[in-house]
Amino acid sequence: MQTKKLTIAIDGFSSCGKSTLAKELASRLQYIFIDSGAMYRTVTLFCLRNNWISGDQIQITEIINALSSISIEFKIDDQGNKSIYLNGENCENEIRQGHVASSVSRIAEIREVREKLVLEQQKMGEKGGIVMDGRDIGTVVFPHADLKLFVTASIEVRTQRRFLELTQKGIEITLEEVKDNLVERDFIDSNRKESPLVQAEDAVLLDNSTMTREEQLQWVLELVVSKVRSS
Ligand code: DC
């Protein structure tokens, strides 16, 4: 018997382990994994390279006019690693750098940017069998997702996790800088006019502050099994 391929939406605050969970879940279920935050970061990188972001000043008209010339793709290499490409160039590492992280929430506030990326995300999920993580996946991108999770963890735990992730990649940053960036991004993401970060009414809350990666994965896999059984 063919089991139904679910659409799984994972939303939550910055650095609460959404992408790690989504990636592991997709790999276990043999589903597609999409990190939607990487798409917002890629548009931000394009804007930074064109000098359309300087401090608080953002050249919105230039950005909107250029949206049709931005092509974003995910590709998998021979080792099975997935990377994001901006107009044919692998920019997976560059989009994780501090200059992108500190501007991305501002770019993610622009309605036209969101409209373009949401359409692309919906296309990627057309056939189901997808795990996508972000801020508006269960509310806007896939409002009819089979399973919605809203992930959170304490700010201390999130700061520590992001700090480790960045320093392991050789990025120089202090704990204080990481924390400030997370607090600022959470504030902007939760208070913006366009698709703010909110827990969908039908989303299951997952606080993973004291959970290991494996415990969290098992917890979610049990939910998936019960969804598959009931669908
Ligand atoms: O998940 P992340 O930290 O890589 O996301 C980067 C930024 O992109 C985050 O500050 C908010 C924004 N974002 C969004 O607005 N909507 C999404 N679906 C995903 C990310």
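Side-chain atoms are counted along with the backbone in the values below, which use heavy atoms only and exclude waters and symmetry mates. Quick caveat, the model's predicted, so the values are computed rather than measured.
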Participant: Decide whether Leu119 and Met39 are clustered together by the hydrophobic rule: side chain heavy atoms of Ile, Leu, Val, Met, Phe, Trp, Tyr closer than 4.5 Å, transitively.
Facilitator: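 In one cluster: no.
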Participant: Taking side chain as C-beta onward, heavy atoms only, is Gln122 less than 4.5 Å from Val141?
Facilitator: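 Sidechains of Val141 and Gln122: in contact.
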Participant: Are Val198 and Phe150 close enough, and set up right, to give a side chain to side chain contact (heavy atoms under 4.5 Å, CB included), and what steps lead you there?
Facilitator: CA-CA 9 Å; Val198 282; Phe150 191 85; 6.0 Å; no
Participant: Less than 4.0 angstrom from a charged side-chain N to a carboxylate O is my criterion; do Arg106 and Glu109 meet it?
Facilitator: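 Looking at Glu109 together with Arg106, the answer is yes, because their closest N to O distance falls below 4.0 Å.
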Participant: About how many Å separate CZ of Phe33 and OG of Ser19, when rounded to the nearest 0.5 Å?
Facilitator: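 Those atoms lie 4.5 Å apart.
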Participant: How long is the span from the CG atom in Leu149 to the CG atom in Leu206, to the nearest 0.5 Å?
Facilitator: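 Interatomic distance, Leu149 CG to Leu206 CG, rounded to 0.5 Å: 6.5 Å.
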Participant: Above 12 or not: heavy atoms from other molecules or residues under 6.0 Å from CZ of Arg213?
Facilitator: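 Counting neighbours around CZ of Arg213, 12 or fewer heavy atoms of other residues, nucleotides or ligands fall under 6.0 Å, so no.
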Participant: Any heavy-atom pair between the side chains of Val113 and Leu67 that's under 4.5 Å?
Facilitator: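 Leu67 vs Val113: side chains touch.
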Participant: Between Arg28 and Glu214, is there a side-chain N and carboxylate O pair less than 4.0 Å apart?
Facilitator: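 Looking at Glu214 together with Arg28, the answer is yes, because their closest N to O distance falls below 4.0 Å.
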Participant: Do you reckon Val118 sits in the same ILVMFWY cluster as Ile70, going by side-chain contacts under 4.5 Å, direct or chained?
Facilitator: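 Yes, Val118 connects to Ile70 through the hydrophobic network.
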Participant: Would the distance check show the side chain of Ser154 and the main-chain N or O of Ser209 forming a donor-acceptor pair, the cut-off being under 3.5 Å?
Facilitator: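 A pair under 3.5 Å: no.
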Participant: For Asn181 and Ser102, which heavy atoms make the closest approach, and how far apart are they?
Facilitator: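 Nearest heavy atoms, Asn181 then Ser102: ND2-CA, 3.7 Å.
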Participant: Report the distance from atom CG of Leu223 to atom CG of Asp146, rounding to the nearest 0.5 Å.
Facilitator: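 It comes to 12.5 Å.
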Participant: Keeping the roles fixed (side chain from Arg192, backbone from Ser195), state whether a donor-acceptor pair exists under 3.5 Å.
Facilitator: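 Yes; at least one donor-acceptor contact below 3.5 Å.
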Participant: Please give me the minimum heavy-atom distance between Val43 and Ile72, naming the atom from each residue.
Facilitator: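 That closest heavy-atom pairing would be CG2-CD1, 3.8 Å.
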Participant: Quick one: does Val224's side chain get under 4.5 Å of Leu147's, heavy atoms only?
Facilitator: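 A side-chain contact exists here, since the closest heavy-atom pair is under 4.5 Å.
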Participant: Quick one: are Thr20 and Arg161 in side-chain contact, heavy atoms under 4.5 Å?
Facilitator: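 Of all side-chain heavy-atom pairs linking Arg161 with Thr20, none is under 4.5 Å.
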Participant: Minimum heavy-atom separation for Trp219 and Leu205, please, with both atom names.
Facilitator: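 It is CH2-O, 3.7 Å.
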Participant: Salt bridge (Lys or Arg N to Asp or Glu O under 4.0 Å) between Lys179 and Glu176: does it pass, once the steps are laid out?
Facilitator: CA-CA 5 Å; Lys179 186 175 175 185; Glu176 205 57 29; 5.9 Å; no
Participant: Is the shortest distance from a Lys or Arg side-chain nitrogen in Arg135 or Asp189 to a carboxylate oxygen in the other one below 4.0 Å?
Facilitator: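 Judged by the 4.0 Å cut-off on N to carboxylate O distance, Arg135 and Asp189 do form a salt bridge.
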Participant: Enter the distance from Leu48:CG to His99:NE2 here, rounded to the nearest 0.5 Å.
Facilitator: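 It comes to 5.5 Å.
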Participant: Over all heavy atoms of both residues, which pair between Ala200 and Lys148 is shortest? Give the atoms and the distance, please.
Facilitator: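 Closest approach of Ala200 to Lys148, heavy atoms only: CB-CD, 4.0 Å.
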Participant: Looking at every non-hydrogen atom in both residues, tell me the closest pair between Ser15 and Leu182 and how far apart they are.
Facilitator: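 Closest approach of Ser15 to Leu182: OG-CD2, 3.5 Å.
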Participant: So Phe13 and Ser190, do their side chains get closer than 4.5 Å, heavy atoms only?
Facilitator: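 The answer is yes, as the side chains (C-beta and beyond) meet within the 4.5 Å cut-off.
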Participant: Examine distances only and state if a side-chain atom of Asn81 and a backbone atom of Asp77 form a donor-acceptor pair shorter than 3.5 Å.
Facilitator: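 Checked: no pair found.
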Participant: Tell me whether Ile107 shares a hydrophobic cluster with Leu86, the cluster being built from Ile, Leu, Val, Met, Phe, Trp, Tyr side chains joined at under 4.5 Å.
Facilitator: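 Linked, Ile107 and Leu86 end up in one cluster.
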Participant: Does Ile53 belong to the same Ile/Leu/Val/Met/Phe/Trp/Tyr cluster as Ile188, with side-chain heavy atoms less than 4.5 Å apart forming each link?
Facilitator: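 Result: no, two separate clusters.
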Participant: Are the side chain of Asn87 and the backbone of Ser69 linked by a donor-acceptor contact shorter than 3.5 Å?
Facilitator: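 A pair under 3.5 Å: yes.
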Participant: So, do Gln121 and Leu117 sit near enough that their side-chain heavy atoms are less than 4.5 Å apart?
Facilitator: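 Counting from C-beta outward, Gln121 and Leu117 do come under 4.5 Å.
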Participant: Nearest 0.5 Å please: distance from the OG1 atom of Thr152 over to the NZ atom of Lys18.
Facilitator: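 Atom-to-atom, Thr152:OG1 and Lys18:NZ are 9.5 Å apart.
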Participant: For the CG atom on Asn93, are there more than 12 heavy atoms of other groups (residues, nucleotides or ligands in this structure) within a distance under 6.0 Å?
Facilitator: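 No, the 6.0 Å shell around CG holds no more than 12 heavy atoms from other groups.
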Participant: So, the side chain of Asp11 versus the backbone of Ile137: is there a donor-acceptor pair under 3.5 Å, distance only?
Facilitator: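 Present.
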Participant: Mind running side chain to side chain contact (heavy atoms under 4.5 Å, CB included) on Val151 and Asp133 for me, showing each step along the way?
Facilitator: CA-CA 10 Å; Val151 190; Asp133 79 285; over 6 Å; no
Participant: Walk me through whether Arg114 and Asp136 qualify under side chain to side chain contact (heavy atoms under 4.5 Å, CB included).
Facilitator: CA-CA 10 Å; Arg114 303 202 70 83; Asp136 61 342; 2.9 Å; yes
Participant: Quick one: does any side-chain atom of Tyr31 pair with a main-chain N or O of Leu6 as donor and acceptor, under 3.5 Å?
Facilitator: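 Checking the backbone N and O of Leu6 against the side chain of Tyr31, a donor-acceptor pair under 3.5 Å is found.
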Participant: Would Ile60 and Leu45 show up in the same hydrophobic cluster when neighbours are defined by side-chain heavy atoms closer than 4.5 Å?
Facilitator: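 Linked, Ile60 and Leu45 end up in one cluster.
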Participant: Looking only at heavy atoms, what is the nearest atom pair of Val204 and Gln199, with distance?
Facilitator: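 Closest approach of Val204 to Gln199, heavy atoms only: C-NE2, 4.4 Å.
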Participant: Has Ser54 got a side-chain atom pairing as donor or acceptor with Gln57's backbone, closer than 3.5 angstrom?
Facilitator: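 No: the side chain of Ser54 does not pair with the backbone of Gln57.
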Participant: With rounding to the nearest 0.5 angstrom, report the CZ to CZ distance, Arg185 to Arg162.
Facilitator: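 These two atoms lie 5.5 Å from each other.
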Participant: Mind running side chain to side chain contact (heavy atoms under 4.5 Å, CB included) on Ile110 and Tyr40 for me, showing each step along the way?
Facilitator: CA-CA 10 Å; Ile110 304 171; Tyr40 288 92; over 6 Å; no
Participant: Given 3.5 Å as the limit, does a donor-acceptor pair link the side chain of Ser103 with the main chain of Val100, or not?
Facilitator: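 No; judged by distance alone, with no hydrogens or angles, the pair does not exist.
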Participant: Taking the side chain as everything from C-beta on, heavy atoms only, tell me whether Leu175 gets closer than 4.5 Å to Gln160.
Facilitator: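 Yes, close enough: below the 4.5 Å cut-off.
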Participant: Spell out, as yes or no, whether a donor-acceptor pair under 3.5 Å connects the side chain of Thr159 to the backbone of Ile155.
Facilitator: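 Such a contact is found between Thr159 side chain and Ile155 backbone.
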Participant: For the side chain of Glu94 and the backbone of Cys91, is there at least one donor-acceptor N/O pair under 3.5 Å apart?
Facilitator: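 No: the side chain of Glu94 does not pair with the backbone of Cys91.
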Participant: Got a salt bridge between Arg158 and Asp186, using NZ or NE/NH1/NH2 to carboxylate O under 4.0 Å?
Facilitator: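 So Arg158 pairs with Asp186 through a salt bridge.
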Participant: Does any part of the side chain of Lys227, heavy atoms only, come nearer than 4.5 Å to the side chain of Ile8, both counted from C-beta?
Facilitator: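 Heavy-atom side-chain distance check fails, nothing below 4.5 Å.
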Participant: One thing to verify: whether Lys82 and Asp35 come together as a salt bridge, which I'm taking to mean a side-chain N less than 4.0 angstrom from a carboxylate O.
Facilitator: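 A salt bridge is absent here (no side-chain N lies under 4.0 Å from a carboxylate O).
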Participant: Hey, which of Leu217, Val220, Val131, Leu29 is the one that makes side chain to side chain contact (heavy atoms under 4.5 Å, CB included) with Glu24?
Facilitator: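 Testing Glu24 for a side chain to side chain contact (heavy atoms under 4.5 Å, CB included) against Leu217, Val220, Val131, Leu29 leaves exactly one candidate, Leu217.
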Participant: Check this for me: does any side-chain nitrogen of one of Glu120 and Lys116 sit under 4.0 Å from a carboxylate oxygen of the other?
Facilitator: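 Looking at Lys116 together with Glu120, the answer is yes, because their closest N to O distance falls below 4.0 Å.
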